[in-house]
2 protein chains.
Amino acid sequence: MDMIQVYIHPTCEIWNSISNRTLQNISHLKNLVTPIIDNVKNYGDVALKTYTRKYDHADIKHIQVTEEEFNKADMQISNCFKKSIEIAYRNIKYFHEKQMHEETPIEISKGVFCWRKIIPIEKVGFYIPGGSSPLFSTVLMLGIPGNLSGCKNIILCTPPNKNGEIHPSILYTARYVGITRIYKVGGAQAIAAMAYGTESISSVYKIFGPGNSYVTIAKQIVSQRGIVSIDIPAGPSEIAIMADETANPEFVASDLLSQSEHDPDSYILLVTPNNQFWIEKVKKELKKQFLDIDKKQDIVEKSLKKSKIIVLSSLDECLTLINQIAPEHLIINCKNASYWGEKVTNAGSVFLGNYSPVSAGDYASGTNHVLPTYGYAKFYSGVSIDSFIKKITFQKISKKGLKNLSECINILSSEEGLLAHKKSINIRLKNEF
Amino acid sequence: MDMIQVYIHPTCEIWNSISNRTLQNISHLKNLVTPIIDNVKNYGDVALKTYTRKYDHADIKHIQVTEEEFNKADMQISNCFKKSIEIAYRNIKYFHEKQMHEETPIEISKGVFCWRKIIPIEKVGFYIPGGSSPLFSTVLMLGIPGNLSGCKNIILCTPPNKNGEIHPSILYTARYVGITRIYKVGGAQAIAAMAYGTESISSVYKIFGPGNSYVTIAKQIVSQRGIVSIDIPAGPSEIAIMADETANPEFVASDLLSQSEHDPDSYILLVTPNNQFWIEKVKKELKKQFLDIDKKQDIVEKSLKKSKIIVLSSLDECLTLINQIAPEHLIINCKNASYWGEKVTNAGSVFLGNYSPVSAGDYASGTNHVLPTYGYAKFYSGVSIDSFIKKITFQKISKKGLKNLSECINILSSEEGLLAHKKSINIRLKNEF
């Protein structure tokens with residue numbers, strides 16, 4: 001069987017089926033997750049400890065990570081790791097701090113002042129999955145904009161291993177970005193704890209972070225209940241590469257592979273007007289590089305089998321398909337990459353040219369790696385400072401200013417049949433009428 | 001029976017019950033709304049016409065409003081209404097156009113350029129309810145930022161009356177703000193049409209606008225299906241007034257009343273450290289002004305009966321309660337209103353001083369009136385330019401730039417066990433190693 005599927009000049013129907021990655025139907029999990037949430041709501045820490053015993057096989061005395069545990073982690077961390085975190089931190093911070101835009105009051109008309117004030121969300125919670133990959137990079141991607149935005153209360157939940165421990169790289173990175181309230185709890189129970197609060201964990205207003213299906217559906221449930229908001233509905237990782245004949249097949253294959261190791265359900269596309277000869281080179285490279293991989297081979301193989309090379313007649317057509325797809329990551333590996341980049345309307349994050357692999361943005365170039373999947377890039381942005389703030393409008397109007405607006409408001413509110421609205425204006429100005 | 005409830009120095013439990021406006025349980029409507037959505041998805045215009053006959057008692061030949069209908073509406077509109085729309089339009093536009101912030105590329109390190117590009121959401125749809133009040137003001141509040149943000153495709157759905165007509169003030173205002181694709185369809189069927197598209201109505205990526213319970217749940221369903229996004233979950237109108245002894249009881253009563261005419265479920269609070277004497281004056285004014293009202297008296301009476309005066313020991317305590325409540329509208333009618341305004345952390349829109357009634361912001365001062373209710377102001381902002389745009393991150397890295405980042409990425413990706421990520425960097429630099 002071939003390692004990747006190839007579609008040559010597909011029909012419109014095939015375009016649609018390529019673009020369409022239907023949301024995983026995880027609604028059957030709702031019946032499993034709802035009682036977990038309600039038990040945490042009702043029984044607090046006792047429920048958390050029970051679920052941690054059941055699902056993480058760990059007996060936890062103190063849910064919150066202690067100072068000693070942070071210090072122990074610190075000693076386990078190599079200097080070269082610390083140095084790398086420092087570099088990534090600096091770049092991510094530098095990129096995100098330019099996203100703050102203060103606005104000044106505007107005098108709309110004489111005596112009518114209006115403005116927006118940026119206010120950080122008071123308390124936020126991060127979920128970081130456990131398992132084989134300790135996702136400290138996501139701690140950076142959430143913690144840095146969270147802190148920059150001025151959020152004062154940031155907590156983090158992550159499941160412990162069987163010995164009740166958190167991976168030292170997560171503890172080190174969290175403390176590095178200023179997060180010291182870390183709780184050893186995972187899964188739907190962690191989401192419930194952050195939404196409702198327990199004796200140990202205070203509730204938050206917004207929950208961020210990736211997770212498995214249980215975590216995803218728990219986030220959906222608590223947000224639908226109106227208790228908290230959530231970042232972006234999370235799905236398997238996605239990449240689309242748009243390549244012309246100037247693209248190096250070796251590089252292209254390595255980018256396809258790098259996305260495939262995330263998840264067997266990763267969504268992977270190469271869209272190109274190139275000829276069969278170039279495509280064969282990519283396929284050959286894919287096989288060669290696949291054999292070089294000595295970790296996660298099963299995941300890579302599964303996701304590669306579902307991945308696709310789409311051959312279209314021009315770069316213009318390639319971009320039309322890509323904008324229809326709205327991929328999480330888009331590499332434009334073409335001559336005049338910037339020209340084509342200007343035409344992108346739907347994507348999470350765009351990587352231009354031969355030397356901009358997605359891995360750079362995943363860790364260290366400065367951009368955020370928490371991005372919309374499933375085509376959500378049509379209407380959502382990735383995580384940024386914006387995700388951690390609200391903007392409240394203010395107005396201060398003088399008597400004179402109100403008088404100037406009053407005729408307009410009188411006429412419009414009468415037309416909408418809202419006479420008490422009109423009255424609230426006129427009662428203030430009655431000496432003037 | 002008293003017109004308004006009074007709580008003097010309530011306990012902590014009462015605070016919580018005051019803050020808590022539980023989401024209306026409209027989940028029982030799901031079974032009614034889901035088949036409407038699916039029928040529109042499957043049968044398109046035929047389903048729309050059937051539902052319009054059933055629910056709006058109108059037989060519609062052409063779903064889309066014609067040029068002739070716009071022209072006819074234009075002739076029915078008075079010059080003073082046109083003049084008022086012009087003033088409101090100018091103010092709202094002036095306030096919103098200051099919300100655009102272009103960002104320039106940043107050189108994160110030598111050869112590593114990152115930036116965010118603002119892109120309007122490609123196509124959006126507005127829902128404007130029918131009924132007795134033609135909400136043309138909401139057409140302004142959605143249409144102006146929609147247009148300013150650069151959205152090219154804006155459509156609007158609103159139910160027709162029995163004669164198959166749309167209120168001329170809605171048609172006039174829509175065309176004034178540049179919206180000419182208006183469809184005579186209301187309720188859940190309108191939401192379904194904008195989400196899935198029909199022969200007449202093209203699908204959109206984001207749906208905005210208020211509506212009854214059917215509309216609200218339809219918006220929730222299509223957004224949960226991942227088809228579109230929606231603005232803010234909408235609920236009954238809310239006001240909190242914080243007043244000290246400098247506040248005029250007449251003005252305060254008029255503001256409470258103006259909110260009460262929106263909905264029998266309006267959420268209305270006056271929070272004050274003032275004495276019984278002042279409170280009695282407010283209550284007397286409420287009664288007096290209530291008797292003056294000759295429209296919507298039943299709605300006003302119902303909502304006033306549920307409204308509350310909360311007496312606390314200080315303005316500081318008042319503000320603590322208000323931040324816990326996160327009201328949609330907040331009037332601060334106190335000495336040093338700006339000082340207290342600085343301490344607000346959770347509210348949709350804040351009105352400072354004696355001459356800043358909510359009605360001003362509802363129509364004409366420039367701020368947006370589509371605001372978060374139900375305490376959502378803790379984590380959501382009202383509608384603004386931000387609601388109509390996405391921000392895509394871009395990066396362009398030179399070979400040299402990638403080389404400088406490579407050690408950091410190698411170390412971090414190895415620690416996360418993502419070796420194909422590492423490979424995608426090193427394969428590009430192999431001549432250098």
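Numbers restart at 1 for each chain; the letters A, B, ... are given by sequence-line order, proteins then strands. Here the structure is a predicted model, which means the values were calculated and not measured.
- For B/K117, the part lying under 4.5 angstrom from a heavy atom of chain A is the side chain only.
- Proximity to chain A (any heavy atom under 4.5 Å) is shown, for B/N248, by neither the backbone nor the side chain.
- There is no contact between A/V124 and chain B, counting heavy-atom distances below 4.5 Å.
- Both the backbone and the side chain of B/E342 come within less than 4.5 Å of a heavy atom in chain A.
- Between B/Q99 and the options A/H101, A/E103, A/K391, a side-chain contact (heavy atoms from CB on, under 4.5 Å) holds for only A/E103.
- When the candidates A/Q259, A/E86, A/K98, A/R90 are compared by the number of heavy-atom contacts under 4.5 Å with chain B, A/K98 comes out ahead.
- In this structure, no portion of A/A253 lies under 4.5 Å from any heavy atom of chain B.
- B/K295 touches chain A through its side chain: at least one heavy atom from C-beta onward sits under 4.5 Å away, while N, CA, C and O do not.
- A perpendicular orientation is assigned to the rings of A/F136 and A/F81, their planes being inclined by more than 60° (bins at 30° and 60°).
- Only the side chain of B/L405 comes within contact range of chain A, with at least one heavy atom under 4.5 Å from a heavy atom of that chain.
- Neither the backbone nor the side chain of B/L330 comes within contact range of chain A; no heavy atoms are under 4.5 Å apart.
- Between A/D386 and B/R116, at least one side-chain N (NZ, or NE/NH1/NH2) sits under 4.0 Å from a carboxylate O, which counts as a salt bridge.
- Chain A forms more heavy-atom pairs under 4.5 Å with one residue of B/A88, B/S414, B/G375, B/A360 than with any other, namely B/A360.
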Inset, instruction - Go through the steps for A/K423 and B/D255 under the test salt bridge (Lys or Arg N to Asp or Glu O under 4.0 Å), then give the verdict. - result: CA-CA 9 Å; A/K423 176 96 178 215; B/D255 292 325; over 6 Å; no
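- When heavy atoms are compared at a cutoff of 4.5 Å, A/I106 approaches chain B solely by way of its side chain, counted from C-beta outward.
- For the options B/V228, B/V300, B/I85, heavy-atom pairs under 4.5 Å to chain A are most numerous at B/V228.
- Contact count versus chain A (heavy atoms, under 4.5 Å) is highest, among B/D292, B/I425, B/T345, for B/T345.
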